[in-house]
Amino acid sequence: MNVFDILKQRGFIKQTTHEDEIRELLGKEAVTFYIGFDATADSLHVGHFLQLMAMAHLQRAGHRPIALLGGGTTMVGDPTGKTDMRKMLTVEAIQHNAECFKGQMERFLDFSDDKAIMENNANWLMNLEYIPFLREVGRHFSVNRMLTAECFKSRMEKGLSFLEFNYMIMQAYDFVELHKRYGCKLQLGGDDQWSNIIAGADLIRRVEGEAAYGMTFTLLTNSEGKKMGKTESGAVWLDAEKFSPYEFYQYWRNVADADVRNCLALLTFIEMDEVERLGSLEGSEINKAKEILAYEVTKIVHGEEEAKKAEEAAKALFGKGAMAGSIPCTEIAKADIADGMDILTVLTTTKLASSRSEARRLVQQGGVSINDEKIKEIDFKITEDNFEDDTLMIKKGKKVYHQVKLG
């Protein structure tokens with residue numbers, strides 16, 4: 001099966017510069033392609049993960065990915081989707097972030113024996129001479145046409161700096177460099193990168209006189225069209241230190257029923273027949289599909305061992321398995337609960353509430369349960385009777401769990 005058809009069937013493809021030509025190209029030869037990743041943080045997130053999955057599908061089909069770290073473009077900042085200019089990062093911070101990206105990408109792609117390439121556009125962008133660059137590259141860009149691009153048009157009212165206005169030209173030049181150095185013919189990216197991608201393909205045709213292609217992926221959104229990968233506390237990061245494997249597992253375990261099929265198709269390697277079956281389950285049966293989704297995505301990102309630990313911890317919440325160390329835990333001495341410990345003290349001791357007043361509000365609003373029993377009184381006291389095997393489970397809101405163990 002042509003990998004283009006696989007990507008299309010799974011729902012990755014949003015736009016293409018030349019659909020028939022790209023499909024034919026991917027079916028007849030090993031194609032070198034690239035995706036750029038600006039190093040704006042010290043971890044990749046779920047939005048990047050979708051693109052890495054697409055790269056993995058292409059690599060499995062015999063094509064060669066280039067993961068381009070944006071050591072140079074991050075110095076300027078992509079205005080796409082931003083209402084204000086990005087925070088300016090130091091060269092040292094950008095380099096650190098790029099190194100973090102590098103370590104994470106090696107989990108998803110095989111870089112051995114030239115099967116994939118990792119590059120950094122700082123290697124050519126940081127040494128460019130301004131006047132020669134304007135003469136050789138800038139002359140091919142129409143300002144009128146650039147201003148019609150969505151990435152610039154949406155910023156015209158609030159203000160667009162000349163610094164950011166250069167971003168499209170820099171990204172287009174990346175494509176030219178990768179074409180010269182590695183024979184790269186195809187640039188991929190999120191659909192918000194469409195204007196930048198077609199600018200690069202057009203620049204290669206103008207400068208090199210050769211064909212180049214672009215393709216964008218759908219952004220990871222839920223059934224209501226809202227971007228996925230955000231929680232109350234921030235982004236869903238791929239770094240275990242920033243977002244634990246247990247939290248990661250729980251994020252996918254708690255997706256809406258309507259989003260299960262889409263997430264299974266985009267974020268796992270499960271065959272599509274099985275994806276369709278799982279996605280069509282209804283009622284309580286859909287929870288089994290969510291468990292499979294959470295396990296498979298966690299396994300890809302954090303490894304099988306962490307996925308098993310997270311799965312076991314999640315089952316423990318419902319009395320289906322032994323407690324695992326993945327759930328946050330606080331130990332309390334038996335002597336401290338001999339006469340009972342009031343629920344407000346329990347909540348502040350476990351740091352589920354920052355103060356007694358916050359703890360009181362949580363209880364009064366019905367946001368606290370112990371062993372799945374909702375606590376309704378602020379003077380409720382836990383005693384040794386509430387513990388089973390010296391352990392109890394506190395639930396805050398719908399998704400935050402915390403173990404308490406007797407020491």
Side-chain angles (χ1 to χ4, degrees), residues 222-224 226-236 243-260 282-291 293-294 310-334 336-406:
N222 63 19
S223 55
E224 298 173 349
K226 295 178 181 176
K227 237 179 185 180
M228 295 184 73
K230 291 281 186 184
T231 67
E232 288 180 11
S233 57
V236 177
F243 203 84
S244 75
Y246 173 72
E247 291 176 295
F248 192 80
Y249 179 97
Q250 284 296 105
Y251 178 84
W252 302 109
R253 173 63 182 79
N254 290 317
V255 298
D257 295 359
D259 298 324
V260 172
E282 296 179 352
S284 61
E285 286 191 330
I286 195 71
N287 289 325
K288 180 59 181 173
K290 292 181 184 182
E291 288 172 4
L293 167 66
E311 181 181 56
E312 189 176 332
K315 286 180 177 178
L317 299 175
F318 305 99
K320 296 179 183 174
M323 289 294 181
S326 302
I327 302 173
C329 181
T330 299
E331 190 171 291
I332 293 177
K334 283 189 180 183
D336 291 341
I337 64 161
D339 299 321
M341 180 182 284
D342 69 88
I343 188 63
L344 304 187
T345 301
V346 173
L347 292 171
T348 53
T349 300
T350 56
K351 294 186 169 54
L352 288 170
S354 58
S355 64
R356 291 182 69 84
S357 58
E358 183 188 343
R360 185 179 291 106
R361 281 196 301 274
L362 279 171
V363 174
Q364 289 171 336
Q365 292 167 4
V368 178
S369 300
I370 287 183
N371 296 334
D372 279 340
E373 293 291 327
K374 190 158 285 188
I375 305 303
K376 299 176 181 177
E377 306 296 331
I378 60 172
D379 56 358
F380 175 86
K381 289 188 175 184
I382 66 161
T383 67
E384 202 167 334
D385 293 339
N386 297 111
F387 289 77
E388 183 178 340
D389 296 327
D390 288 340
T391 304
L392 67 74
M393 185 69 66
I394 303 175
K395 182 181 177 184
K396 171 186 165 184
K398 292 182 178 180
K399 299 177 182 178
V400 178
Y401 295 89
H402 196 100
Q403 293 180 49
V404 177
K405 290 188 176 182
L406 290 179

Check [X] against [Y] and note the closest heavy-atom contact, atom names and distance.
X    : Y    : result
L347 : A359 : CD1-CB, 3.7 Å
L362 : L352 : CD1-O, 3.9 Å
E291 : Y249 : O-OH, 3.9 Å
S223 : D259 : N-OD1, 2.6 Å
N386 : K381 : OD1-O, 4.0 Å
E331 : L406 : CG-C, 4.3 Å

To the nearest 0.5 Å, how far apart are [atom1] in [X] and [atom2] in [Y]?
X    : Y    : atom1 : atom2 : answer
I394 : I382 : CD1   : CD1   : 6.5 Å
R253 : L293 : CZ    : CG    : 10.0 Å
I370 : L392 : CD1   : CG    : 5.5 Å
E285 : N287 : CD    : CG    : 10.0 Å
I375 : Q364 : CD1   : CD    : 14.0 Å

- Item | Whether over 12 other heavy atoms sit under 6.0 Å from D379 CG | yes

With [X], which residues qualify under side chain to side chain donor-acceptor pair (under 3.5 Å), at least two apart?
X    : answer
E358 : S354
T330 : H402
S355 : S357

Taking side chain to side chain contact (heavy atoms under 4.5 Å, CB included) as the definition, give me every residue that meets it alongside [X], ordered by chain and number, with sequence neighbours left out.
X    : answer
K376 : none
E282 : none
I286 : D257, V260, L281, A289, K290
K374 : S369

- Message: Test side-chain contact (heavy atoms from CB on, under 4.5 Å) on I337 and F387; report intermediate values, then the result.
- Response: CA-CA 11 Å; I337 64 161; F387 289 77; 3.7 Å; yes

- Counting distance only, does the side-chain N/O of D390 pair as donor-acceptor with the main-chain N or O of K405 below 3.5 Å?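 A pair under 3.5 Å: no.
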
- Who pairs with E384 by salt bridge (Lys or Arg N to Asp or Glu O under 4.0 Å), at least two apart in sequence or on another chain?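 Once residues adjacent in sequence are excluded, the partners of E384 under the salt bridge (Lys or Arg N to Asp or Glu O under 4.0 Å) criterion are K334.
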
- Query: Which residues pass the salt bridge (Lys or Arg N to Asp or Glu O under 4.0 Å) test with R356, sequence neighbours left out?
  - Reply: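 Once residues adjacent in sequence are excluded, the partners of R356 under the salt bridge (Lys or Arg N to Asp or Glu O under 4.0 Å) criterion are D342.
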
- Message: Let's go through V404 and T349 carefully: what are the C-alpha distance in whole Å and the side-chain angles of both, what is the deciding distance for side-chain contact (heavy atoms from CB on, under 4.5 Å) to 0.1 Å, and is it a yes or a no?
- Response: CA-CA 10 Å; V404 177; T349 300; over 6 Å; no

